[in-house]
Engineer: 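Can you keep this structure in mind? I'll have questions shortly.
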Amino acid sequence: KAGVTQTPRYLIKTRGQQVTLSCSPISGHRSVSWYQQTPGQGLQFLFEYFSETQRNKGNFPGRFSGRQFSNSRSEMNVSTLELGDSALYLCASSLQGPNTEAFFGQGTRLTVV
Amino acid sequence: AQTVTQSQPEMSVQEAETVTLSCTYDTSESDYYLFWYKQPPSRQMILVIRQEAYKQQNATENRFSVNFQKAAKSFSLKISDSQLGDAAMYFCAYRSDSSGTYKYIFGTGTRLKVLA
């Protein structure tokens, strides 16, 4: 069974540009969450999607957005990139129900120059 | 709001020895889950162990076990017979069982070094 797949693995963008990151969850997982990981702030929750609906959103500016498609694949978009957006972006997928855990992808390393 | 605290930024252990990583959390909820995730240099977060708050029995997975003290809001991870492959960042995480979402709250992590 394939794991969570994130593309691309690495990205270099210039300040002011926008970027789109992609996440394909494990087959059958309908919940997809995104996290930003930085050395200073650690792992911070961005948002969670379930069945194409955003269920929860973290404390990030509106420049950060996401969506989920009918096949559960998810994308997140960051517009007007800032240097501080440089981070590892992790995607996680889960089955619905209790006693489940999140399965993470290998992340996308975004560098803003 | 819930918080998770890992007070040990870095720990070292000799190969084959035992090490305990600490984690405390704060919540007003009664139903929740606690997790330990491992993040090796490959960056992929891997689940080590999970504990349901309603279970009094401490979870165990092979060489990994937890000491869950619900009243003290403490959730430590014990690694027995440490191996070189255990070297990684370890994150303690909390997930509510009542919020209807799968949002995880992570601690700041403990870097574990295993000395040969």
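Bear in mind that the values here come from a model prediction, so they are computed numbers and not experimental data. So that the names make sense, note that chain A is the first sequence line, chain B the second, and so on, each numbered from 1.
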Engineer: Does B/I105 share a hydrophobic cluster with B/Y90, counting links as ILVMFWY side-chain heavy atoms below 4.5 Å and allowing steps through other members?
Structural biologist: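 Hydrophobic grouping puts B/I105 with B/Y90.
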Engineer: Would you mind reporting whether B/Y104 and A/Y35 have side-chain heavy atoms less than 4.5 Å apart?
Structural biologist: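 Result yes, sub-4.5 Å side-chain heavy-atom pair found.
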Engineer: Under 4.5 Å between side-chain heavy atoms, counting indirect links through other Ile/Leu/Val/Met/Phe/Trp/Tyr residues: same cluster for B/M11 and B/W36 or not?
Structural biologist: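 Same hydrophobic cluster.
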Engineer: So for A/L95, is it side chain, backbone, both, or neither that comes closer than 4.5 Å to the heavy atoms of chain B?
Structural biologist: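 Backbone only.
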Engineer: Where does A/Q41 contact chain B at under 4.5 Å (heavy atoms): side chain, backbone, both or neither?
Structural biologist: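 When you check distances to chain B, no heavy atom of A/Q41 falls under 4.5 Å.
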Engineer: Using 0.5 Å steps for rounding, measure from the CD1 atom of B/I46 to the CZ atom of A/F104.
Structural biologist: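 Nearest 0.5 Å value for the CD1-CZ distance: 11.5 Å.
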Engineer: Would you find more than 12 non-hydrogen atoms of other residues, nucleotides or ligands less than 6.0 Å from A/R9 atom CZ?
Structural biologist: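 Result for CZ/A/R9: enclosed.
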Engineer: Is it the case that the ring center of B/F106 lies less than 6.0 angstrom away from the ring center of A/F45?
Structural biologist: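 Ring centres of B/F106 and A/F45 not closer than 6.0 Å.
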Engineer: Answer yes or no on whether B/R43 is positioned over the face of A/Y10, meaning its NZ or CZ is under 6.0 Å from the six-membered ring centre and within 45° of the axis.
Structural biologist: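 Flagged: B/R43 positioned over aromatic ring of A/Y10.
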Engineer: Before you tell me yes or no, could you show the steps for A/E101 and B/I49 under side-chain contact (heavy atoms from CB on, under 4.5 Å), namely the whole-Å CA-CA distance, both residues' side-chain angles and the distance that decides it to 0.1 Å?
Structural biologist: CA-CA 10 Å; A/E101 66 262 17; B/I49 201 164; over 6 Å; no
Engineer: Identify the heavy atoms of A/T100 and B/R95 that sit nearest to each other, and give their distance.
Structural biologist: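 Closest approach of A/T100 to B/R95, heavy atoms only: O-NH1, 2.7 Å.
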Engineer: A side-chain contact here means heavy atoms from C-beta on lying under 4.5 Å apart; do B/M45 and A/V4 qualify?
Structural biologist: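 The answer is no, as the side chains (C-beta and beyond) never meet within the 4.5 Å cut-off.
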Engineer: Please determine whether the number of non-hydrogen atoms from other residues, nucleotides or ligands lying under 6.0 Å from atom CZ of A/R63 exceeds 12.
Structural biologist: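 For A/R63, atom CZ is crowded (more than 12 foreign heavy atoms under 6.0 Å).
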Engineer: What's the spacing between A/L43 CG and B/T108 OG1 if we round to 0.5 Å?
Structural biologist: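 If I round to the nearest 0.5 Å, the distance is 10.0 Å.
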Engineer: Would you say B/Q57 has more than 12 foreign heavy atoms packed within less than 6.0 Å of its CD?
Structural biologist: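 Count not over threshold, so no.
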Engineer: Identify whether A/F47 and A/Y89 are in the same connected component of the hydrophobic contact network (ILVMFWY, side-chain heavy atoms under 4.5 Å).
Structural biologist: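 The answer is yes; both residues are in one hydrophobic cluster.
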Engineer: Around atom NZ of B/K78, are there more than 12 heavy atoms of other residues, nucleotides or ligands at under 6.0 Å?
Structural biologist: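 Count not over threshold, so no.
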Engineer: Looking at side-chain heavy atoms only, is the closest gap between A/N56 and B/Y102 below 4.5 Å?
Structural biologist: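 No, too far: nothing below the 4.5 Å cut-off.
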Engineer: Check whether any side-chain heavy atom of B/F91 lies under 4.5 Å from a side-chain heavy atom of A/Q37, and answer yes or no.
Structural biologist: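 Yes, at least one pair of side-chain atoms sits under 4.5 Å.
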Engineer: Please examine the side chains of B/K103 and A/L46, heavy atoms only from C-beta on, and report whether any two atoms are closer than 4.5 Å.
Structural biologist: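 Sidechains of B/K103 and A/L46: no contact.
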Engineer: Report yes or no: do A/L110 and A/L83 belong to one cluster of Ile/Leu/Val/Met/Phe/Trp/Tyr joined by side chain heavy-atom distances under 4.5 Å?
Structural biologist: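 A/L110 and A/L83: one cluster.
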Engineer: Do B/L47 and B/Y94 sit in the same hydrophobic cluster, where Ile, Leu, Val, Met, Phe, Trp and Tyr count as joined when their side-chain heavy atoms come under 4.5 Å apart?
Structural biologist: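 B/L47 and B/Y94: separate clusters.
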Engineer: Quick check for you: among A/S31, A/A92, A/G58, A/G105, which has the greatest number of heavy-atom pairs under 4.5 Å with chain B?
Structural biologist: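 Highest number of pairs under 4.5 Å: A/G105.
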